[in-house]
Structures are given as C-alpha cells and as structure tokens.
Amino acid sequence: MTEPRQKHIPVMLEEVLKVLKPADGEIYVDATFGNGGYSEAVLNAANCRVIALDRDPNVGKRAEEMMKKYAGRFEFRAGKFGDFADLISEDVNGAVFDIGVSSMQLDEGSRGFSFSKDAPLDMRMSCTGKTAADLVNTLSEQELADLIYKYGEEKKSRRIAARIVEYRKTKKIETTRELAEIIYTILHKTPNGTDPATRTFQALRIAVNDELGELERGLSGALEKLKNGGRLVVVSFHSLEDRIVKTFFRENAGKKEHVSRYLPVQKIAGDVRLAEISKALTPTQEEILRNPRSRSAKLRFAVKR
C-alpha cells in the first residue's frame, strides 16, 4: 500500500470547532480521520480525548504519528463509520463526519477515484470488495442507468449506460481514462465547464463504497453513543448526502418537512432525541478561494436531547 502524499485540508474547520465546542476532559469521535485535520484541531483546542475511525488502510502511518504526538489522548480504530456503534463502546461528547472522498484519495492516482489521472478503475476506500470496474463490466444496462441516475443525478444516464454496454461487448473497461472517454462520446467537454464524467464517476464511487448506507448507519450509531448534550457535526458535499443528514436530524427532532409555506412545521409521533438542529452552514468566500474543494460543502449540526 502506498501512503498518501498530499495533505488533506479540513473543510470548514473553524465552523466545526465552533459548533463542536471541545472541552477539557471530554471524548470526541472523528468518524472520518483521513489526514487527521479535525482530530488534531480538536486535540489542540482542549485537553480532551479523540477516537478516530477510518476504513482506508493508507491512513495508518498518519494515525501512528498522531498516537505518538498525542499519547494517551488519541486513539485510532480501523473500520467504517457506518459501524460507529460497534467501534465505539464509550459514551462520547461529540462526533464529527466529513463525508465523501478525501483529497488524498483523489490525488493518489492509482486508487482510481479521479478521471484526471489514468489508473485502474478501482474507487474502493477500503481497498477490498468489488471495484468500479466490476460494476461497469457486469451490471445490466438497466442497472447501470439506474445507478448513474440515482447516485450521480445524471440526466443522460440511459445513453451513457447503453454506450458502456456497447463498448464492453468487444473489450473490458479497465481504466479511468477508458471510462471517461466513453462518457465523452455522449457528453462533450466545454471550456471552463464541469467535466462531463463527474456525475458518473460520483455515482460509481458512491455505489462501490455504499456511501449513503454508511452515512445513515453512521448517524444512527453516533446518536446512540452521544451523551445528553452531545454534539453531532456533519460536513457533506452533495445534495444526496445533505438530504440524508437533514432528514435524519429533523426526524429525530420530532419534525417533518413543511407541506406548505403557510402552515407551521408539523410534529411527528415518536421519540424526540435531538433538542437542537441547525440550518445548513456554508464555507466563507475566503475559504473557497483558499481551498476550492470546500465550494460545495454544507455543515449541519445537532445537539442530543
């Protein structure tokens, strides 16, 4: 395994610390460790303890560095944040999630997350299980179209799926560049525009890693382990993720969506477990200029009742 070479810049770090409110003697979970940006900032903000989770085996070296630097205060546990409730036995004061692919994973060309680098079509965060190549070469045309539309919100998903199936009749699709070129025959590049392969690659990455399912399970697990008054902070990067977080928070706060702007928010029956939920916060213009990856970020937080 190759270690990540690029430093991951934690998105909306100031806002995360402001709403997480690290305090001496408390325990926090960084559910998406990556390069340890959130973990280190929380440890520096208070004399507290941080438990970090990550499924990516390539973060091991960085985790070892952190354990030496913050001996007795930092602990790393390998695993998916969807298994939060199994990995965390302690009751904790806060948890933070930074959802989606990290800059390190994108920058490591051999991982196959980015169409800007020609590499095996992999996309596995944990480096185990089915690859993106497995999906594009084995799923039916209908299954591919549905996957690309559902997870990538790609309007031309059916045409892209048909072209993929047509191509693989003569040759197996093996690399990121190969798949991107197939997509470009349907969606053409435009100067200064978003790369037309973006949505399809996003859809495959989400499917390969079960990202939305992991998010739902992770939120439920974190809520179970939070102490009363504990804070749950989530930074997401596209509408599918944000919708899951928003819905989870509202349902556990005993609310449901407005059915009319002329009527108040309706209460729903059930256990009200969140006393406070936030509206979506977005990065400052200064941060977007400093770190373009933050452009699509949304932060939501909630406080356990």
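Nothing here was measured: the structure is a model prediction, and the numbers come from that model.
For the pair V42/C48, a side-chain contact is recorded, criterion being any heavy-atom separation below 4.5 Å from C-beta on. Side-chain contact between L144 and I164 is present, with heavy atoms from C-beta onward closer than 4.5 Å. For the pair I277 and R300, the minimum side-chain heavy-atom distance is 4.5 Å or more. Between I244 and L219, some side-chain heavy-atom pair lies under the 4.5 Å cut-off. Taking 4.5 Å as the limit, some side-chain heavy atom of D30 sits within range of a side-chain heavy atom of F33. Side-chain contact between D91 and I27: absent, with no pair of heavy atoms (C-beta onward) separated by less than 4.5 Å. Counting only heavy atoms from C-beta outward, the side chains of K304 and L232 never approach each other to under 4.5 Å. Under the 4.5 Å side-chain criterion, counting only non-hydrogen atoms from C-beta, E216 is not in contact with F248.
Here the closest heavy-atom approach between residue A222 and residue A95 is recorded as CB-CB, 4.4 Å. When all heavy atoms of G229 and V303 are compared, the pair lying nearest together is O-CG1, 3.7 Å. Between L87 and A78, the shortest heavy-atom distance links the atoms CD2-O, 3.8 Å. For the residue pair V272 and R305, the shortest heavy atom distance occurs at O-CD, 3.0 Å. Taking each heavy atom of G37 and P10 in turn, the nearest pair found is CA-CG, 4.0 Å. Considering every non-hydrogen atom in both L20 and G94, the closest pair reads CD1-CA, 4.0 Å.
Residue-environment remark: NZ (K298) stays at or below the threshold of 12 foreign heavy atoms within 6.0 Å. Within 6.0 Å of the CD atom in E65, the count of heavy atoms belonging to other residues, nucleotides or ligands exceeds 12. Counting heavy atoms of neighbouring residues, nucleotides and ligands inside a 6.0 Å radius, atom CZ of R168 exceeds 12 of them.
If you check the side chains of D134 and T131, you find a donor sitting under 3.5 Å from an acceptor. Judged by distance alone, the side chains of D98 and T32 never bring a donor and an acceptor atom under 3.5 Å apart. A donor-acceptor contact closer than 3.5 angstrom is absent between the side chains of E287 and T284. Side chain to side chain, E40 and Y70 meet the donor-acceptor criterion of an N or O pair below 3.5 Å. Between Y151 and D146, the side chains place no donor N or O within less than 3.5 Å of an acceptor N or O (distance only, hydrogens not considered).
Here R77 pairs with E90 in a salt bridge; the nearest charged N to carboxylate O distance falls below 4.0 Å. Taking the charged nitrogens against the carboxylate oxygens, R49 and E75 do have a contact shorter than 4.0 Å, which makes a salt bridge. Checked for salt-bridge contact, D210 and R217 meet the test: a charged N lies under 4.0 Å from a carboxylate O. Under a 4.0 Å N-O distance rule, the pair R273/E224 qualifies as a salt bridge. A salt bridge between R163 and E166 is present, with a side-chain N of the basic residue lying under 4.0 Å from a carboxylate O of the acidic one. Between K171 and E178, at least one side-chain nitrogen of the basic residue sits less than 4.0 Å from a carboxylate oxygen of the acidic one, meeting the salt-bridge criterion.
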Inset, instruction - Mind running salt bridge (Lys or Arg N to Asp or Glu O under 4.0 Å) on K61 and E64 for me, showing each step along the way? - result: CA-CA 5 Å; K61 183 177 179 180; E64 289 175 7; over 6 Å; no
Legend entry - I182 vs I173, side-chain contact (heavy atoms from CB on, under 4.5 Å): CA-CA, chis, key distance, verdict: CA-CA 10 Å; I182 293 169; I173 301 167; 3.6 Å; yes
Legend entry - side-chain hydrogen bond (donor to acceptor under 3.5 Å, both in side chains) assessment of S157 paired with E154: CA-CA 5 Å; S157 61; E154 173 57 70; over 6 Å; no
Inset, instruction - Begin from the C-alpha positions of E241 and L212 and carry the test side-chain contact (heavy atoms from CB on, under 4.5 Å) through to its verdict. - result: CA-CA 7 Å; E241 296 168 345; L212 303 186; 4.2 Å; yes
Inset, instruction - Determine, step by step, whether V234 and I99 satisfy the side-chain contact (heavy atoms from CB on, under 4.5 Å) criterion, reporting the C-alpha distance in whole Å, the side-chain angles of both residues, the deciding distance to 0.1 Å, and the verdict. - result: CA-CA 7 Å; V234 186; I99 307 302; 3.9 Å; yes
Inset, instruction - Carefully, step by step, assess S296 and H238 under the rule side-chain contact (heavy atoms from CB on, under 4.5 Å). - result: CA-CA 7 Å; S296 60; H238 60 72; over 6 Å; no
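Listed for the D24 side chain is a donor-acceptor partner under 3.5 Å among the backbone atoms of N47. Remark: side-chain polar atoms of T200 are not paired, donor with acceptor, to backbone N or O of A197 under 3.5 angstrom. Distance alone, capped at 3.5 Å, places no donor-acceptor pair between the T175 side chain and the D118 backbone. No donor-acceptor pair under 3.5 Å is formed between the side chain of N209 and the backbone N or O of E211. At least one donor-acceptor pair under 3.5 Å links the side chain of R231 to the backbone N or O of V19. In this structure a side-chain-to-backbone donor-acceptor pair under 3.5 Å is present from D54 to D56.
The OG atom of S39 sits 13.0 Å away from the OH atom of Y28 when rounded to the nearest 0.5 Å. Interatomic distance, M123 CE to L135 CG, rounded to the nearest 0.5 Å: 9.0 Å. Note: N192 CG to T190 OG1 = 8.0 Å, rounded to the nearest 0.5 Å. In this structure, the separation between CE on M12 and OH on Y38 is 8.0 Å, given to the nearest 0.5 Å. Within the model, atoms CG of D122 and OG1 of T176 stand 10.5 Å from one another, a figure rounded to the nearest 0.5 Å. Atoms CD and CG, from E214 and D83 in turn, are 6.0 Å apart once rounded to the nearest 0.5 Å.
Below 30°, between 30° and 60°, or above 60°: for F97 and F81 the angle between ring planes is above 60°, a perpendicular geometry.
The hydrophobic clustering, which links ILVMFWY residues whose side-chain heavy atoms are closer than 4.5 Å, places L147 and Y149 apart. No chain of hydrophobic side-chain contacts below 4.5 Å, direct or via other Ile, Leu, Val, Met, Phe, Trp or Tyr residues, connects L13 to I288.
Remark: R293 is positioned above the aromatic ring of F237, its terminal NZ or CZ atom under 6.0 angstrom from the ring centre and at most 45 degrees off the axis.
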